[in-house]
Amino acid sequence: MEESVKPGLRIREGDCVVLKRDEVFKAVLVLRRRKVIFEKQWFYLDNAIGRVYGTTFEVSSGGNLQPKEKMEETTTETKEAGTDNRNIVDDGKSQKLTHDDIKALKDKGIKGQEIVQQLIENSTTFRGKTEFAQDKYIKKKKKKYEAVITIVKPSTRILSTMYYAREPGKINHLRYDTLAQMLTLGNIRAGNKMIVMETCAGLVLGAIMERMGGYGSVIQMYPGGGPVRAATSCFGFPESFFNTLYEFPLSKVDSLVSGTFSSETLPSEPEYNVPVEEESNGSLDEKQTLTQETEEESSTEAVMESNETEEQETMDLVAEDTEYKETKEKGNKENIREKQRKQQERRRKLVETAALLEQKNADGLIVASRFHPTPLLLSLLEFVAPSRPFVVYCQYKEPLLECYTKLREKGGVINLKLSETWLRNYQVLPDRSHPKLTMSGGGGYLLSGITVTAEKVQSNASSLEAQKIEEPTSKKRKLQELHC
Amino acid sequence: MSFVEYGDTIKDGDTAIVFLGHESMFPVKVQHGSKTQTKYGVIRHSTDLIGKRYGSKVTCSKGGWVFILHPTPELWTMNLPHRTQILYSTDISLITMMLELKPGSIVCESGTGSGSLSHAIIRTVAPTGHLYTVEFHQQRAEKAKEEFQEHKVEHLVTVKNQDVCKNGFGVSNVADAVFLDIPSPWEAIGHAKSALKIEGGRICSFSPCIEQVQRTCLAMEEHGFTEMNTLEILLRVYNVRTISLQIPDLGKAQGTAQFKSGVPLKEMVGHTGYLTFATKSLF
């Protein structure tokens with residue numbers, strides 16, 4: 001059955017894959033003889049090459065991956081169990097195996113399943129637990145000792161969940177369901193001409209590109225020297241997808257709008273596809289810098305946020321290593337010629353992108369950045385055709401309140417809506433179904449709307465509309481004012 | 001225009017959305033010679049609509065105005081004629097992402113209902129994907145077929161009038177994703193599994209009641225689905241208001257303090273349904 005699988009579904013060297021263990025994800029590049037660390041385990045990915053995506057592996061003692069066969073679940077024989085916990089005393093002494101005993105078992109190479117069995121047999125309280133408690137105990141031990149890793153193909157679903165769990169600071173705390181709303185509200189689909197402005201490591205860009213399937217075009221606006229597309233490269237898009245991906249510096253937007261654009265001054269040397277030094281996210285503890293791969297892995301979110309090696313931790317990319325060696329090896333003269341050629345090409349592309357923007361017929365605008373959204377929206381909406389959706393994400397509500405107000409004043413937009421989504425996970429088990437214990441406190445806010453043909457004068461229309469919305473409250477305000 | 005592609009100008013035969021103001025809009029079938037009544041007066045299709053740019057303002061006979069918008073699945077969801085309870089964009093967004101839908105995806109859906117989710121799926125899988133949608137109610141199946149034709153997307157969808165629990169989706173091993181919104185989804189899990197590709201795919205079941213969810217999860221487990229995950233998503237909307245609060249007279253200062261606030265609506269949707277996602281994989 002495995003043999004009949006299409007080649008595109010097999011893991012290849014050079015692929016960006018996502019390692020999965022229970023609910024924990026990590027994106028890595030598949031390279032031979034390259035040690036990878038994930039969930040406190042070290043291993044090589046060599047044995048994964050050629051395997052089908054979705055294969056589950058165990059880490060063998062040599063640090064190699066061993067595909068795991070689907071185990072037959074231990075049949076539910078009527079085991080001995082108690083009825084409640086009134087007599088179960090937690091004195092910390094119920095497990096007879098010591099820390100060293102367990103270590104010895106592990107060192108002997110005993111399989112996880114066997115260790116769990118040993119733990120059960122050596123627990124004095126196990127028999128007295130209720131069936132549910134026994135179930136929970138076994139699940140917990142399995143999670144700890146039966147370490148299985150699944151290798152999955154990256155997708156928006158997986159990458160957005162991963163980033164939100166591991167590095168929310170990199171994506172302005174954009175929760176994956178909020179991203180899902182943006183993609184739908186923005187009517188992202190094949191054939192669109194999209195304008196995107198994001199500082200979410202390229203995750204939002206990648207999600208948009210996935211939904212466009214290589215059809216249509218995307219113009220990414222970027223601050224500073226160049227766009228960050230670290231997450232975008234994780235998706236594994238074919239090269240052709242990038243033929244219709246353009247970029248344009250924000251610093252030139254004003255000149256485009258006023259008609260004074262010139263390609264003479266390019267922003268300082270961009271370094272595409274290389275983890276660039278990212279500017280602070282606005283919050284004080286997030287200064288990220290380029291570093292070599294480190295040995296450490298931190299699993300708690302708090303530590304991760306302040307960890308300077310974030311980029312390497314999640315990505316394990318070696319792009320900057322190879323590029324660095326390449327530039328050293330080239331001779332100086334060739335180097336200069338190469339640089340000139342690249343600059344010409346960049347200039348050409350810049351002019352081409354400016355022309356695309358100047359057509360003012362984009363099919364939509366998506367903004368998700370660390371910058372204040374108002375100035376971005378007010379200028380970038382100029383390039384969008386009428387009757388097209390736009391969506392702005394902001395980690396905080398207040399800037400969107402201001403944005404809403406300014407957009408109302410400007411006119412040319414309707415159906416403005418400020419919203420957020422609440423997401424709740426459930427545990428579903430027979431007689432034990434309930435929402436899970438923890439819930440995300442916030443996933444950011446969205447402001448969405450639809451463009452219409454712009455009004456030159458603040459007409460009857462927009463104030464009429466404003467009145468329509470505000471009718472109920474204005475009555476209340478009148479009463480308040482009377483009292484003053 | 002098309003539900004899967006943008007057009008610039010309004011044409012005869014288009015489905016356009018007439019926007020009257022906040023939360024007030026309706027769809028209209030554009031036809032030469034037709035007239036549409038609104039509270040602001042009459043809109044004459046031949047002179048006021050056809051040839052005009054989408055997004056234009058149209059003044060009606062009584063002097064009031066409206067905007068004519070290009071249809072999108074989201075606008076359609078807010079304005080379609082209900083034959084059943086429908087799924088709204090909040091749930092649709094999450095479903096689309098969690099099922100990993102994209103251009104080229106093959107999707108199986110049941111029940112079609114009023115076609116709200118169907119339109120959204122068609123938009124996402126176009127131009128190379130396909131939706132196989134099953135509806136056991138004959139009239140609803142026919143109405144859905146009609147609408148898909150009117151909206152010029154019939155080449156992307158196949159409607160089957162049958163009972164998915166008894167006869168499945170009518171296709172085997174072709175789907176990347178399956179969606180179930182039926183009273184007894186656990187009875188269709190086996191059919192869903194065979195509709196999905198051999199190498200695997202994603203499944204989603206939407207049920208309003210937790211008991212249905214429990215049965216469905218059990219069925220999924222029995223059929224070897226993995227990565228099971230049940231969640232619910234709720235939308236919270238805020239109105240942007242400038243609020244003036246009076247400063248109390250404590251003897252000295254007086255007046256009002258003004259500030260901008262995002263005020264939640266008086267009521268919000270508290271529950272639509274539980275979404276259970278799972279993966280079919282080779283392993």
Side-chain angles (χ1 to χ4, degrees), chain A residues 1-2 4-6 9 52 54-56 70 155-157 176-177 179-181 183-185 187 189-192 210-213 215 363 385-387 389 397 401-402 404-405 414-415 417-426 428 430 433 450-453 461 465 468-469 473 477 480 483-484, chain B residues 4-6 8 19 21-22 53-57 65 67 69-70 72-74 89-90 92-94 96-98 100 102-104 120 123-124 126-127 198-200 210 213-214 217-218 229-241 244 246 254-256 260-262 274 276 281-283:
Chain A
M1 208 185 241
E2 228 205 79
S4 62
V5 167
K6 288 198 293 255
L9 295 156
V52 178
T55 308
T56 312
K70 203 168 194 181
S155 66
T156 301
R157 165 180 81 97
Y176 44 96
D177 59 301
L179 175 60
Q181 302 300 312
L183 297 170
T184 297
L185 288 172
N187 196 19
R189 63 182 172 188
N192 279 3
E210 186 186 79
R211 291 280 272 264
M212 290 177 60
Y215 298 93
D363 293 319
S387 190
K397 206 203 293 182
L401 295 176
E402 200 211 275
Y404 179 104
T405 311
I414 55 166
N415 215 28
K417 187 157 92 165
L418 174 61
S419 66
E420 70 167 330
T421 42
W422 284 0
L423 190 69
R424 207 171 191 191
N425 269 282
Y426 285 77
V428 178
S433 300
I450 304 176
T451 55
V452 288
T453 46
E465 222 208 12
K468 282 181 207 163
I469 316 165
T473 45
R477 253 185 276 143
Q480 278 176 352
H483 283 288
C484 289
Chain B
V4 296
E5 207 180 15
Y6 281 117
D8 268 337
F19 181 89
H22 195 64
R53 211 175 169 192
Y54 275 108
S56 302
K57 191 190 250 194
W65 48 266
F67 282 105
L69 302 176
H70 195 290
T72 64
E74 288 58 57
S89 298
T90 312
I92 293 176
S93 307
L94 192 62
T96 308
M97 185 185 82
M98 298 293 274
E100 303 187 358
K102 53 183 183 264
R123 173 267 315 271
T124 303
I198 297 173
E199 50 265 31
I210 194 71
V213 177
Q214 286 176 309
C217 283
L218 220 53
N229 187 18
T230 301
L231 30 74
E232 74 173 335
I233 182 167
L234 296 175
L235 183 70
R236 197 137 148 84
V237 179
Y238 297 97
N239 278 329
V240 182
R241 294 273 178 279
S244 286
Q246 230 197 323
Q254 256 212 13
T256 53
K260 272 243 180 294
S261 178
Y274 301 102
T276 303
S281 95
L282 273 173
F283 310 92

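Predicted model, so just to flag it, every value in this text is computed and none were measured. In what follows, chains are A, B, ... by sequence order, proteins preceding strands, each numbered from 1.
- For the atom pair CG of A/Asn415 and NE2 of B/His22, the computed distance is 7.5 Å after rounding to the nearest 0.5 Å.
- With a threshold of 4.5 angstrom between heavy atoms, B/Arg53 approaches chain A through side-chain atoms but not through N, CA, C or O.
- Both the backbone and the side chain of A/Tyr176 come within less than 4.5 Å of a heavy atom in chain B.
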### Task
Would you sort out whether B/Leu94 and A/Thr421 count as a side-chain contact (heavy atoms from CB on, under 4.5 Å), showing the intermediate values?
CA-CA 11 Å; B/Leu94 192 62; A/Thr421 42; over 6 Å; no
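- For the atom pair OG1 (B/Thr96) and CD (A/Gln181), the distance works out to 9.5 Å, reported to the nearest 0.5 Å.
- With a 4.5 Å cut-off on non-hydrogen atoms, A/Ser155 touches chain B through its side chain but not through its backbone.
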#### Entry: Stepwise side-chain contact (heavy atoms from CB on, under 4.5 Å) check, A/Val52 with B/Glu199
CA-CA 9 Å; A/Val52 178; B/Glu199 50 265 31; 5.6 Å; no
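- Heavy atoms of B/Thr276 lying under 4.5 Å from chain A are absent altogether.
- Annotation: the span from A/Tyr426 atom OH to B/Asn229 atom CG amounts to 12.5 Å, rounded to 0.5 Å.
- Using a distance-only test at 3.5 Å, with no hydrogens or angles considered, no donor-acceptor pair links the side chain of B/Glu100 to the main chain of A/Thr156.
- For the residue pair B/Cys217 and A/Val428, the shortest heavy atom distance occurs at SG-CG1, 3.6 Å.
- Atoms CD and CD1, from B/Glu74 and A/Ile450 in turn, are 9.5 Å apart once rounded to the nearest 0.5 Å.
- Atom-to-atom distance recorded for A/Asp177:CG and B/Leu231:CG is 8.5 Å, nearest 0.5 angstrom.
- With a threshold of 4.5 angstrom between heavy atoms, B/Leu218 approaches chain A through side-chain atoms but not through N, CA, C or O.
- Note on B/Thr90, B/Thr124, B/Ile210, B/Val213: by heavy-atom pairs under 4.5 Å with chain A, the leading option is B/Thr90.
- Among all heavy-atom pairs drawn from B/Tyr6 and A/Ser387, the shortest one is CE2-O, 4.3 Å.
- Distance check: B/Lys102 NZ to A/Leu183 CG gives 13.0 Å after rounding to the nearest 0.5 Å.
- Listed here is the closest heavy atom pair of B/Pro103 and A/Ala190: CG-CB, 4.0 Å.
- For the options A/Thr56, A/Thr451, A/Thr405, heavy-atom pairs under 4.5 Å to chain B are most numerous at A/Thr405.
- Cation-pi contact between A/Arg424 and B/Tyr274: absent, since separation from the ring centre below 6.0 Å together with deviation from the ring axis within 45° is not met.
- Nearest heavy-atom pair, A/Ser419 versus B/Tyr238, reported as atom, atom and distance to 0.1 Å: CA-CD1, 4.3 Å.
- Between A/Val452 and B/Gly55 the shortest heavy-atom distance is CB-O, 3.5 Å.
- The minimum heavy-atom distance linking A/Ser433 with B/Gln214 is given by the pair OG-NE2, 2.8 Å.
- Counting heavy atoms from C-beta outward, A/Asn187 and B/Arg123 have side chains that approach closer than 4.5 Å.
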